[in-house]
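Written out below as structure tokens is the structure these notes cover.
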Amino acid sequence: MLSIKNLQVKLEDEDKQILKGVDLEVEAGTVHAIMGPNGSGKSTLSYVLSGKDGYEVTGGSAMLEGVDLLDMEPEERAASGLFLAFQYPVEIPGVGNMTFLRTAVNAQRKARGEDEMSAAEFLKVVREKAKDLKIDAEMLKRPVNVGFSGGEKKRNEILQMAMLEPKMCILDETDSGLDVDAMKLVADGVNALRSEGRGFLVITHYQRLLDHIKPDVVHIMANGRIIKSGGPELALEVENNGYADILAEVV
Ligand code: ADP
Ligand code: MG
Ligand code: MG
């Protein structure tokens, strides 16, 4: 599904190499987690995959189902089935949440050569999914994320993910002060959307989140590289012993 080979990234206007050769394969139907000390490049990886400005790819590749992601505009990446949820969701004053969702869904359908969803059908689907996520109708009408609480933003993010039905979901949940309820929400959202045709990459500091999600594979990132991969037990090892032992092992 997602295939990253020897990805190297530097800051665009600074001589600073951040990713120093990242290798990662996320198969369809699996959930991979990335943990790692602060500043190791986890968020940079998700930013580069999303096509955010300010980074320069100096080597390597990133493919989604065999198609080069790094060649595409951010909108094209989304249309081809990549979804990225960020630590700090953007607020869009003046644009109703429902309008935003419908525009996003239809842009994606169009890019896939599918017919637009009718207004009636969209309304039915969005109401169903919102209900599942305990999002009230009022929140669907408000401007996107404006004045939303942390928990509401998380719910909204999961709703976006549910509506877009992406192939590959990347969630960066690092150091953003997720409380237990929000963590549960994210985990439930991911678990509800787990399916054979879909891959997940969950970036997190919190072993607790992984208690709820139960990833298939856990990777540890440090200093711009994935330095160790294993099963869920790797997250427990980090929880118990921190990163020092793992870092010492690979040096
Ligand atoms: P993580 O998410 O693992 O905590 P980041 O990807 O946020 O790590 O950051 C990796 C390194 O790159 C850090 O040293 C950070 O300071 C640096 N960095 C990332 N983006 C920028 C930027 N836009 N300007 C300056 N430094 C940056
Ligand atoms: Mg950080
Ligand atoms: Mg980060």
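Small disclaimer: the values here were computed from a predicted structure and weren't measured. Just so you know, ligand 1 is whichever comes first in the structure, and atom 1 is the first atom listed for that ligand.
- By the 3.5 Å distance cut-off applied to N or O atoms, E14 is not counted among the residues near ligand 1.
- Residue-level proximity to ligand 1 for L45 is absent, since no heavy atom of it falls below 4.0 angstrom.
- In this structure, Y47 has no heavy atom closer than 4.0 Å to ligand 1.
- Among residue pairs with one or both ends in residues 97-112, none qualify as salt bridge (charged side-chain N to carboxylate O under 4.0 Å, His left out); sequence neighbours excluded.
- Residue-ligand proximity: K16 is placed with a non-hydrogen atom under 4.0 Å from ligand 1.
- When the options G54, S40, S43, P37 are ranked by their closest heavy atom to atom 2 (O) of ligand 1, first place goes to S43.
- Not a single donor-acceptor pair under 3.5 Å links the side chain of D181 to the backbone N or O of G151.
- A donor-acceptor contact shorter than 3.5 Å is absent between the side chain of N97 and the backbone of P143.
- Residue G41 places a heavy atom less than 4.0 Å from ligand 1.
- Not one N/O/S atom of T44, from backbone or side chain, sits under 2.8 Å from the Mg ion (ligand 3).
- Ligand 1 is never approached by G36 to a heavy-atom distance shorter than 4.0 Å.
- In terms of the side-chain contact (heavy atoms from CB on, under 4.5 Å) criterion, residue partners of I135 (sequence neighbours excluded) are, by chain and number, A130, L133, M139, L140, R155, L159.
- Those atoms of ligand 1 that come under 4.0 Å of a heavy atom in N38, given as number and element, are 4 (O).
- Taking any N or O of G39, backbone or side chain, at least one lies under 3.5 Å from an N or O belonging to ligand 1.
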